[in-house]
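Worksheet for the structure shown next.
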2 protein chains.
Amino acid sequence: MDVVINNAWVLTLKNNRLGIIKEGAVGIEGDTITYVGSSKDLNYKQADILIDGTKHVVMPGMVNSHIHTSMQLLRGGAQDLPEIEWMNKGIGPLAKHLTKDDIILGSKLGVLEGIRTGTTTFSEYTKNVEELVEKVYLNYGARVVATETINEVAQKDRSKLKPTDLYELDVAKGDLALRRNEDIFTKFKKSDLVSCLYGPQALDMVSIDTLSEIKRRAIENNSRIHMHVAQGERERIQIEGRFGKGSSTVKILKEKDLLGDYLIAVHCHDTNETERELMVNENVKMIGCPSSISMIDGIIPPIFHYAQLGGDVGIGTDQAPGPGNHNLFREMRTISLLTKTMMKDPTVFPAWEMLQLVTSQGAKVLGLENKIGTLEVGKKADIITFNLNQLLLTPVVSQPFHNFIPNIVYSATGTEIDNVIINGDLIFHNGSFVKVDEQKLIDEANARGEDIYNNAKEDWISADSKMVKDVKKGLL
Amino acid sequence: MDVVINNAWVLTLKNNRLGIIKEGAVGIEGDTITYVGSSKDLNYKQADILIDGTKHVVMPGMVNSHIHTSMQLLRGGAQDLPEIEWMNKGIGPLAKHLTKDDIILGSKLGVLEGIRTGTTTFSEYTKNVEELVEKVYLNYGARVVATETINEVAQKDRSKLKPTDLYELDVAKGDLALRRNEDIFTKFKKSDLVSCLYGPQALDMVSIDTLSEIKRRAIENNSRIHMHVAQGERERIQIEGRFGKGSSTVKILKEKDLLGDYLIAVHCHDTNETERELMVNENVKMIGCPSSISMIDGIIPPIFHYAQLGGDVGIGTDQAPGPGNHNLFREMRTISLLTKTMMKDPTVFPAWEMLQLVTSQGAKVLGLENKIGTLEVGKKADIITFNLNQLLLTPVVSQPFHNFIPNIVYSATGTEIDNVIINGDLIFHNGSFVKVDEQKLIDEANARGEDIYNNAKEDWISADSKMVKDVKKGLL
């Protein structure tokens, strides 16, 4: 075998159970898992790389179902702002000064911090995703689900529009974007690390004709549509303006025959129970982004509601300016606590369910359940090890229950991950990246950070957000 | 000077501002801060210990305003349970098997994990607090505010009572406890690390006569009363039973002249706006425990409401079985996010205010504002360094605002702390405890953990909580 991890607590996450194996081992040949079982039944002496799993949990690499890494250099750039100021007065004046290289550099930061905290699959959503796939994800050996943004809004600068001004849609723009979207299917066809989705940005930003064409192609290509659905007021106003008072995104999608098992709906904040039932019945998948949305909008994503109806749900970290980073351990705890308080019920979203959300459920939402998301012979070797040997997780007990299951969800920080294997490759080993010079990247990002903010200084100050006022008061 | 930290971003937290000093230094002689200012104006070549603060933030040690460490060995022992099961069927059957030594050992874990994540002052609340002060806090050199529990409930085992059965109160029991409480004042009078509070457990568990006597002594001793106030339904039922329908804890405290600047009220979940106004007007201090209470009860503590009224508020971690650990970085982020969603307003509880809650505000609530909570010449040297040089906090930018302020609150994990100084003593240095063998403690706790759970196994299973059912389903 090429790699063996032995003597560990193995969590297979198979069949909607934890599937705990005591003194378990996982064996890998090439890119594939070839053994999951007891350590003592495996002859691991012939392994090329042997990782001692003593006092460790071994589990499937985590799936970040919705992520934008392109603004990562703006981490900490906008938060504690009124929702309406966040983009226009907070991030906007800074983002204007990001160069193409800054986007690549930022994305590198985002992907490495994801890997470092146990994420092996990233569902990246951006314009010109091809470049990030090549220069960042494949460069680092990360698994990526690539979505190219398709947006037909004609106006380049929407910050000049009033909320009630309807966007003009430019179908030619959509065509171009759809061509870029199709290109990635061709380009990465043979890559085992890349899969592709279609990315109409939202119902208010694409025409029904384009959406219908995308649906046709998604079905033809055996792929899915990854779309922001019913995110909030901005979208609602546009939908009512275009389709009439009382219209909603979900109603229109249903009416136009655009709800189906090919749809992955992100956010869904502005949906009601009836609409969510409709979506679940049509086998639509849902993704929520707990830290991002609670931080920027003060909203708890309806992930629990959707799961309660029997829908498949995944978790994403969305973007960094706001909540800060791409750490799925943090997201497990965040959505569990937020949901417990929303429902005034401490039993909802228990630890085991959080572990499923970021592994097997995430894989299912993205259509990768036959490839990743659990530890099973024949699946791709996306595997992480979690070091239980530390103060904040002590004691480790296995009788009459495994106390480390809740502790991984509620006590861990994400920094406990010490090995990350993606597609059979050991990317992060004993707490360090095998091929990446992490400190060099940090230094580059720091240098660029100072430059970007320096260039953006005047724009940022003249936007006069609440943050500018806080700076003047010595609070930022 | 004995210790100097130079070239750092110093946050003084003075005067309700961040008080950021670029390339700043802090100097210490004995137990006292003797320099806070620019690095270049300080001759630090004569320092006994020089800590290079490059790429670090130096800030006041954090104040955990309400903590019970005695059940720390039961971390991960009960969560995701109905509130009513948590104590009786979750923790109870395990806690019965904790020995006196287990309580000490657990407390050690709790205090060390607090120090490791930047806490320098612990407001410990327990029965027989004297033992923890001596064997744990002073042993490790931690600053402690010690509260001895005073509880007059006659019934030893309350699990047999129906919720509507009134407790019998035994004033003799209260007298004994009050004597223990007074003893710690005498015993630790000369210790610079220890201060003491009075600890009537809650209004439903002590008589008005005892409370009035405690108040008299607290004022005489220039101390304060640290009490659980209006925690929830159990207390409400008892108060109405004793004082009549429509009674509430706050109303009774007011009526009996027991609200004043000597009172530190923990929790306050079952208070309304009028009652909170009354408390703030009487200069009562409030403490909330975000992770603990959201996890166990699905409740968001009314910390924001109290602060909005102008009241002084602090943050505590309460106990570990449930939320897991004592990490105030986690608490800052947790209460900010919970409050943003509760108020549906992302501007509330911004980063700078969270930093105040766990430093200057915490000190004020406990009556220690002249001693700790900010970095100022003449104050006690409780100081932590936070390493900004890492992936999850990159880039670090200082113009036109300091992006690391929100990043410390929203992105940090608490593991970034690499030096902790308490009362001038360097306890934790470059990521390791100076005098404590951390691994030895972890190993001891693991061994005891397995024993305790093994002994408790039958009791735990026969209590038949939801957790037992989850184990049977392979989910725990």
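Here is how names work: the chains are called A, B, and so on, in the same order as the sequence lines, proteins then strands, and each is numbered from 1.
At a threshold of 4.5 Å between non-hydrogen side-chain atoms, the residues Thr341(A) and Met342(B) do not count as touching. Looking only at side-chain heavy atoms (C-beta outward), Gln439(A) and Asn389(B) come within less than 4.5 Å of each other. Residues Leu73(A) and Pro395(B) meet the side-chain proximity criterion, which asks for heavy atoms closer than 4.5 Å. Between Tyr410(A) and Pro323(B), every side-chain heavy-atom pair lies at or beyond the 4.5 Å cut-off. The shortest distance between side-chain heavy atoms of Thr347(B) and Asp80(A) does not fall below 4.5 Å. Using a 4.5 Å heavy-atom cutoff, the side chains of Arg333(A) and Arg330(B) are in contact.
With a threshold of 4.5 angstrom between heavy atoms, Thr339(A) does not approach chain B through any atom at all. Contact of Glu85(A) with chain B is not made at all, since no heavy-atom distance falls under 4.5 Å. Within the 4.5 angstrom heavy-atom criterion, atoms from both the backbone and the side chain of Leu337(A) approach chain B. Heavy-atom distances place both the backbone and the side chain of Arg75(A) under 4.5 Å from chain B. Within the 4.5 angstrom heavy-atom criterion, atoms from both the backbone and the side chain of Leu476(A) approach chain B. Only the side chain of Val471(A) comes within contact range of chain B, judged by heavy atoms closer than 4.5 Å. Residue contact with chain B, scored on non-hydrogen atoms closer than 4.5 Å, is absent for Phe329(A). Only the backbone of Leu81(B) comes within contact range of chain A, judged by heavy atoms closer than 4.5 Å. Only the backbone of Ile299(A) comes within contact range of chain B, with at least one heavy atom under 4.5 Å from a heavy atom of that chain. For Arg116(B), the part sitting under 4.5 Å from any heavy atom of chain A is the side chain, from C-beta outward, and nothing else. For a residue to count as touching a neighbouring chain, one of its non-hydrogen atoms must lie under 4.5 Å from one of that chain's; by this rule Thr415(A) touches chain B with the side chain only. Heavy atoms of Arg448(A) lying under 4.5 Å from chain B are absent altogether. For Asp297(A), the part sitting under 4.5 Å from any heavy atom of chain B is the backbone (N, CA, C, O) and nothing else. Only the side chain of Met467(A) comes within less than 4.5 Å of a heavy atom of chain B; its backbone N, CA, C and O stay farther away. Contact of Ala351(B) with chain A is made through backbone and side chain together, with heavy-atom distances under 4.5 Å. With a 4.5 Å cut-off on non-hydrogen atoms, Leu74(A) does not touch chain B at all. For chain B, no part of Ala78(A) is nearby; none of its heavy atoms comes within less than 4.5 Å.
From Lys340(A), atom NZ reaches atom CD1 of Ile293(B) across 13.5 Å, with rounding to the nearest 0.5 Å. To the nearest 0.5 angstrom, Trp460(A) atom CH2 is 10.0 Å from Gln399(B) atom CD. One distance of note links CG of Leu94(A) with CG of Asn403(B); it measures 9.5 Å at 0.5 Å rounding. From Leu391(A), atom CG reaches atom CG of Asn327(B) across 11.0 Å, with rounding to the nearest 0.5 Å. Atom CG of residue Leu393(B) and atom CG of residue Asn325(A) lie 7.5 Å apart, to the nearest 0.5 angstrom. Considering OG of Ser398(A) and CD of Glu450(B), their distance stands at 4.0 Å, rounded to 0.5 Å.
The candidate with the highest count of non-hydrogen atom pairs below 4.5 Å against chain B, out of Ile405(A), Thr413(A), Ile442(A), is Ile442(A). Across Gly414(A), Ser291(A), Ser336(A), the residue that shares the most heavy-atom pairs under 4.5 angstrom with chain B is Ser291(A). The choice from Leu18(A), Val396(A), Ile300(A), Leu392(A) that makes the most heavy-atom pairs within less than 4.5 Å of chain B is Leu392(A). Contact count against chain B (heavy-atom pairs under 4.5 Å) is highest for Pro400(A) among Ser294(A), Pro400(A), Gly110(A), Pro350(A). Heavy-atom pairs under 4.5 Å with chain A peak, among His326(B), Gln390(B), Met295(B), Glu353(B), at Met295(B). Per-residue heavy-atom pair counts under 4.5 Å with chain B were compared for Phe401(A), Trp86(A), Phe349(A), and the maximum is reached by Phe401(A).
Residue pairs that meet the salt bridge (Lys or Arg N to Asp or Glu O under 4.0 Å) test with at least one member in residues 452-467 of chain A, sequence neighbours left out, are Lys96(A)-Asp459(A), Asp464(A)-Lys469(A), Lys466(A)-Asp470(A).
Here the closest heavy-atom approach between residue Gly324(B) and residue Ser411(A) is recorded as CA-OG, 3.1 Å. Residues Asn16(B) and Leu475(A) share a closest heavy-atom pair of O-CD2, 3.7 Å. Gly76(B) approaches Pro406(A) most closely through the heavy-atom pair O-CG, 3.7 Å.
Under 3.5 Å, the side chains of Thr394(A) and Glu113(B) contain no donor-acceptor pair of N or O atoms.
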